[in-house]
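The structure under discussion appears below in the form of structure tokens.
These numbers come from the heavy atoms of this one structure, side chains and all, not from hydrogens, waters or symmetry mates. In what follows, every chain begins at residue 1, and chains take the letters A, B, ... in the order their sequences are listed.
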Amino acid sequence: MDKPLYHRIYSVIRLIPPGRVSTYKQVALMEGNCTARQVGYALAALGKDPSVPWQRVINSTGTISARKQGDGAQRQRELLRQEGVVFNRNGRTDLERFGWVSPPIDWAR
DNA sequence: CGGCTGACTCTGG
DNA sequence: TCCAGAGCCAGCC
């Protein structure tokens, strides 16, 4: 398996089930060989690809990270709300309740 | 082969 | 709790 890093990151994100969220940090740990910052970079480079549920990735404090450009953050919150993810009035979600941790990934497959 | 460009997390105050 | 500063790196010109 020697796909580019960003593609492996996208693969991990595709595993997050609807109605649950994961963090940049968690995705990085699942991928196994990158950092949270890079997950953010990968998503920024994603553009609009419907095969990746980018909205299910939020930051470690349970809030939606601001983009430099565009209205992505707004739409992200809307999409998650539609999936049933609840945000309190500070725009924060309870990771204990909605956070998701992947079972071990078998990259050798 | 540089230079530029970002969706982060941690730590200390 | 909130905020600023530091560390950080793959892709695409």
Side-chain angles (χ1 to χ4, degrees):
Chain A
M1 173 64 90
D2 54 312
K3 273 188 297 185
L5 174 60
Y6 285 12
H7 281 285
R8 293 201 303 275
I9 290 173
Y10 299 149
S11 298
V12 170
I13 296 174
R14 277 190 271 256
L15 301 177
I16 307 172
R20 307 300 297 280
V21 294
S22 191
T23 64
Y24 297 94
K25 176 78 170 180
Q26 272 304 317
V27 171
L29 291 173
M30 288 178 227
E31 191 282 329
N33 197 247
C34 74
T35 64
R37 190 82 187 263
Q38 299 210 46
V39 174
Y41 292 149
L43 284 173
L46 182 56
K48 45 175 56 180
D49 182 337
S51 75
V52 180
W54 53 270
Q55 72 273 24
R56 303 192 192 131
V57 184
I58 63 179
N59 63 41
S60 64
T61 64
T63 63
I64 292 175
S65 296
R67 279 102 180 117
K68 188 158 198 187
Q69 298 190 2
D71 60 326
Q74 285 267 315
R75 304 197 308 105
Q76 178 168 12
R77 183 164 162 171
E78 173 64 13
L79 287 169
L80 288 178
R81 194 180 59 71
Q82 286 176 34
E83 295 186 357
V85 178
V86 178
F87 288 86
N88 66 22
R89 64 175 161 258
N90 307 309
R92 190 166 305 192
T93 194
D94 182 3
L95 289 174
E96 289 297 317
R97 198 151 73 124
F98 298 102
W100 175 81
V101 179
S102 163
I105 299 170
D106 180 11
W107 289 112
R109 185 180 311 270

Are the charged groups of Glu78(A) and Arg81(A) less than 4.0 angstrom apart, N to O?
->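 Here Glu78(A) pairs with Arg81(A) in a salt bridge, since their nearest N and O are under 4.0 Å apart.
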Hey, any chance Tyr41(A) and Val57(A) share a hydrophobic cluster, counting ILVMFWY side chains that come within less than 4.5 Å of each other, even indirectly?
-> yes
Is there a donor and acceptor pair closer than 3.5 Å between the side chain of Arg37(A) and the base of dG6(B)?
-> no
May I ask you to test the Glu83(A)-Val21(A) pair for a side-chain heavy-atom distance under 4.5 Å?
->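 No - every pair of side-chain heavy atoms lies 4.5 Å or more apart.
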Sub-4.5 Å side-chain heavy-atom contact between Ile13(A) and Arg56(A) | no
Could you tell me whether Arg56(A) contacts a base, only the sugar-phosphate backbone, or nothing, with contacts defined as non-hydrogen atoms closer than 4.0 Å?
->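 No contact.
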Would you indicate what Thr35(A) reaches in the nucleic acid, counting non-hydrogen atoms under 4.0 angstrom: base, sugar-phosphate, or nothing?
-> nothing
Give a yes/no on whether any side-chain N or O of Ser65(A) is located under 4.0 angstrom from OP1 or OP2 of dC8(B).
->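 Yes, such a contact exists.
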Nucleotide of dT9(B), dC9(C), dC8(C) approaching Thr23(A) most closely (side-chain heavy atoms) |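 When the side chain of Thr23(A) is considered, dT9(B) is the closest of dT9(B), dC9(C), dC8(C).
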Side chain of Ala36(A) - closest among dC8(B), dA10(C), dC10(B) =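 Within the option list, the nearest is dC8(B).
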Take the protein atom [atom1] of [X] and the nucleotide atom [atom2] of [N], then report the distance between them rounded to whole Å.
X: Asn33(A); N: dA10(C); atom1: CG; atom2: C1'; value: 12 Å
X: Tyr41(A); N: dG7(C); atom1: OH; atom2: P; value: 13 Å
X: Leu46(A); N: dC12(C); atom1: CG; atom2: C1'; value: 15 Å

For Tyr6(A) and for Ile58(A), find the nucleotide of DNA chain B with the closest heavy atom, then tell me which residue's nucleotide is more 5'.
->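 It is Tyr6(A), whose closest nucleotide lies nearer the 5' terminus.
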